[in-house]
Amino acid sequence: MSSDEPTSTVQDTAVSSSPAARGETARAVDGEPPILRVEGLTKYFQVGGGLRPKQLRALNDVSFTLRRGEVISLVGESGSGKSTVLKMLSRLEQPTSGRILFKGRDLLAEEPRSASLSYRGQVQMIFQDPFGSLNPVHTVAYHLERPLVRHRKATTPEELRRKVLELLHTVGLNPPEEFAAKHPHQMSGGQRQRVAIARALAVDPDVILADEPISMLDVSIRMGVLNLMDELKRSRGIGYLYVTHDIASARYIGDRTIVMYAGHMVEGGSSEELLDSPAHPYTKLLLEAVPDPRGNIFRELPAKSGAPQLVDPPPGCPFAPRCPEVMDVCRRESPRPVQLRRRDPGAPERFVRCHLYEEDQAPPVGEALGEA
Amino acid sequence: MSSTPPPAASRARPGEPLLSVRDLCVEYVTPTGPVRAVDRVSFEIGRGQVFGLAGESGSGKSTAAMAAMRLLQPPAVITGGEVHYEGRDVLAMGEDELRAFRWKEIALVFQSAMNALNPVLTVGAQIADVIERHENVSSAQALERAAELLALVGIESSRLRSYPHQLSGGMRQRVVIAIALALNPPLLFMDEPTTALDVVVQKEILQQIAELKERLGFSILFITHDLSLMLEFCDTVGILYAGRLCEVAPAKELFANPQHPYTRGLMRSFPELHGPKQRIEGIPGSPPDMRSPPSGCRFHPRCSVAIPVCDQEQPQLITLAAPALARAVGAETDTPDAPVGQQRGHRVACHVAAQTAGSSDV
């Protein structure tokens with residue numbers, strides 16, 4: 001890739017020199033190697049054109065490691081770059097720079113143009129809209145047969161049929177014979193999303209990229225879909241990247257949560273610790289803004305809304321213009337990730353990109369929902 | 001059932017709800033026969049009150065609200081019930097009367113701000129259009145008023161000349177709110193006004209609506225599927241399931257003391273932000289096909305506490321005994337003197353809840 005890429009501030013990866021990350025390396029050696037590692041992933045779009053083209057910085061230096069049977073939740077508002085990460089990993093978009101290591105293989109070097117069939121057989125995607133992701137003229141069985149045939153998971157018609165029914169049973173669409181014959185319009189949103197999950201499972205993937213899979217579903221059936229994803233994680237060791245704007249569901253299913261703002265990873269760590277003691281002012285703002293049935297609507301937010309400047313951004317922290325705790329340094333220098341002290345030393349590492357914190361500092365306790 | 005509108009002086013009749021909906025039924029005419037989308041729904045909205053209708057997709061919340069505004073198009077037909085606005089029979093209004101009634105008395109804020117605005121007209125022109133159409137003013141006066149309205153919702157008046165695509169989603173939604181407020185209507189009907197927006201923007205807009213409501217004194221019929229948001233924003237909440245109201249209560253009371261198994265299920269469908277991680281199940285099954293709704297209580301096939309009578313008899317909305325718990329929990333509510341129509345306490349339509357909680361005389 002280009003030689004003038006930003007120096008990779010490696011965080012949360014086994015090659016980092018930070019003490020916490022070294023601990024991770026040790027674990028990775030005696031345990032299993034990570035399935036997916038992303039290093040310094042960056043995506044710039046050219047906008048404006050003409051004589052003075054501008055750069056839209058959609059994604060800046062994103063790095064993380066996904067292990068077998070782990071769920072990482074990517075949380076952020078629209079424009080935070082969370083979906084762009086998924087598009088890179090599903091190889092629908094080419095990154096500007098950075099590396100994607102899949103089971104240790106450098107994917108962009110080995111398959112520079114588009115993903116191989118083998119990669120697509122191991123990394124699957126679930127989309128937000130269960131109404132748009134299934135073909136209305138085909139039956140459920142057709143949707144499941146396609147990947148099974150394409151990826152040679154079934155050789156005889158009998159085997160194909162058996163696998164289709166198995167998949168439907170796995171995702172809780174019973175009786176499977178009945179659902180196999182249905183068309184998408186004959187099913188509810190939740191059932192369609194289960195079909196989408198079954199389709200992803202058909203190729204027996206190691207990683208599932210889930211882009212807001214429950215946001216269009218009715219509240220009473222959302223948890224059923226998340227629980228299904230969780231069961232598949234446990235029974236099959238599937239690793240998930242779960243992209244959402246709903247921070248409560250991120251905590252529910254995510255072993256780790258990473259908060260994104262303006263294409264930067266601003267904070268990350270174990271989901272529980274992150275939400276109990278959010279460190280970054282942006283994370284605090286997000287938590288305050290979540291509707292709270294116990295709350296008072298007039299309770300003031302710590303900061304105002306506002307879209308970050310993605311095109312030719314100014315130097316410094318992207319959140320500085322809105323940050324209630326902004327300092328001079330924030331407008332000059334982009335903060336580097338620092339490791340925070342964890343409540344539970346066995347928990348995944350905590351990092352934050354904010355000038356307020358120093359290496360190994362303890363995060364603030366319970367500031368988010370004051371009275372909680 | 002008088003077709004002549006009462007004089008303006010009668011507008012502020014104390015003690016009377018602003019909008020009263022009684023036993024409203026709406027059916028969709030389909031090739032396979034009528035489908036009853038709203039079944040005997042009754043609610044009232046007092047002056048300055050926020051009443052919320054919550055429910056899943058297909059529960060009839062939007063249909064019920066649209067029916068109350070007479071905005072339904074065929075194949076949806078109002079087949080029964082009454083709608084009174086300040087004592088006027090809305091269902092009996094003629095076309096001319098309705099045109100004056102809508103926007104002047106009840107204004108709408110739709111879900112998707114992106115589609116609600118005309119992309120080829122400036123924001124100022126779209127606000128001024130509403131004013132010119134309903135009031136006898138010059139274009140210049142209308143534009144002046146449009147600028148005031150923009151300021152009211154927190155947008156600089158220089159934005160009058162902006163086109164919708166030049167504004168962020170949150171700003172567009174504020175413009176839509178400004179248009180709704182253009183004629184200073186006593187009742188605002190908001191259908192998922194913040195659903196497509198980020199949480200921070202959502203909170204800011206709702207805070208602004210709440211402030212304007214305090215200042216201008218309008219009432220709101222609020223519709224959303226987001227129960228947390230609903231409980232935070234509304235004074236009183238009605239829960240709809242498959243076209244029927246299954247529970248109505250003041251928001252804080254409903255949150256502290258839900259009675260209907262469906263409401264309880266909904267409350268358990270939200271993961272917590274704090275505390276120990278617990279597995280939550282949501283509600284098993286899915287909402288019924290309205291072409292052939294279940295007999296008796298429509299929730300019984302998904303209900304974990306159903307008893308034999310539940311699939312036989314339709315439960316009636318009954319008022320529960322004085323909500324003792326509400327006193328304790330409701331300490332922080334800011335509705336000390338809710339007007340008549342909001343003082344109906346806690347009503348629930350459930351055979352099991354009726355047995356265990358004990359009903360009182362209405």
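Order of the sequence lines sets the chain letters (A, B, ...), proteins ahead of strands, with each chain counted from 1.
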Would you give the length of the straight line joining atom [atom1] of [X] to atom [atom2] of [Y], rounded to the nearest 0.5 angstrom?
X	Y	atom1	atom2	value
A:R294	B:K252	CZ	NZ	10.0 Å
A:I297	B:Q208	CD1	CD	12.0 Å
A:S277	B:H274	OG	NE2	10.0 Å
A:S305	B:I205	OG	CD1	8.0 Å
A:S249	B:L273	OG	CG	10.0 Å

### Query
Hey, is A:R299 close enough to B:E204 for a salt bridge, meaning N to O under 4.0 Å?
no
Please report the closest heavy-atom contact between [X] and [Y], naming both atoms and the distance.
X	Y	value
A:D276	B:G275	OD1-N, 4.3 Å
A:I221	B:I283	CG2-O, 4.5 Å
B:Q207	A:L301	NE2-N, 4.5 Å

Select one option (side chain, backbone, both, neither) describing which atoms of [X] are under 4.5 Å from chain A's heavy atoms.
X	answer
B:R279	both
B:S57	both
B:L266	side chain
B:Q202	side chain

#### Entry: side chain to side chain donor-acceptor pair (under 3.5 Å) partners of A:Q309, counting only residues at least two apart
none
Would you be so kind as to tabulate the donor-acceptor pairs closer than 3.5 Å made by side chains of residues 221-233 of chain B, with sequence neighbours excluded?
from	atom 1	to	atom 2	distance (Å)
B:T224	OG1	B:D226	N	3.0
B:H225	ND1	B:E192	OE1	3.0
B:H225	ND1	B:E192	OE2	3.1
B:D226	OD1	B:S228	N	3.2
B:D226	OD1	B:L229	N	3.3
B:E232	OE2	A:D292	N	3.2
B:E232	OE2	B:K203	NZ	3.1

## Note on the structure
Most heavy-atom pairs under 4.5 Å with chain A, out of B:S286, B:P284, B:P287, B:A210, belong to B:A210
### Message
Among B:E272, B:R302, B:M267, B:K277, which residue has the highest count of heavy-atom pairs closer than 4.5 Å to chain A?
### Response
B:K277
#### Entry: Those residues of residues 184-191 of chain A, ordered by number, that approach chain B below 4.5 Å (heavy atom to heavy atom)
A:S188, A:Q191
### Task
Take atom NZ of B:K213 as the centre, draw a 6.0 Å sphere, and report whether it contains more than 12 heavy atoms from other residues, nucleotides or ligands.
yes
#### Entry: NE2/A:H169: more than 12 non-hydrogen atoms of other groups inside 6.0 Å
no
Would the distance check show the side chain of [X] and the main-chain N or O of [Y] forming a donor-acceptor pair, the cut-off being under 3.5 Å?
X	Y	result
A:R222	B:G282	no
A:D218	B:E56	no
A:Y252	B:I280	yes
A:E272	B:P276	no

### Summary
Pair count under 4.5 Å, heavy atoms only, with chain B: among A:A248, A:A289, A:P293, A:G172, highest is A:P293
### Task
Please determine, among A:H245, A:R251, A:E300, A:K304, the option with the most heavy-atom pairs under 4.5 Å with chain B.
A:R251
### Query
Which answer fits A:E77, side chain, backbone, both or neither, if we ask what part of it has an atom under 4.5 Å from a heavy atom of chain B?
both
### Query
Of all residues at least two apart in sequence or in a different chain, which pass the side-chain contact (heavy atoms from CB on, under 4.5 Å) check with A:A250?
A:S73, A:V75, A:T244, A:T257
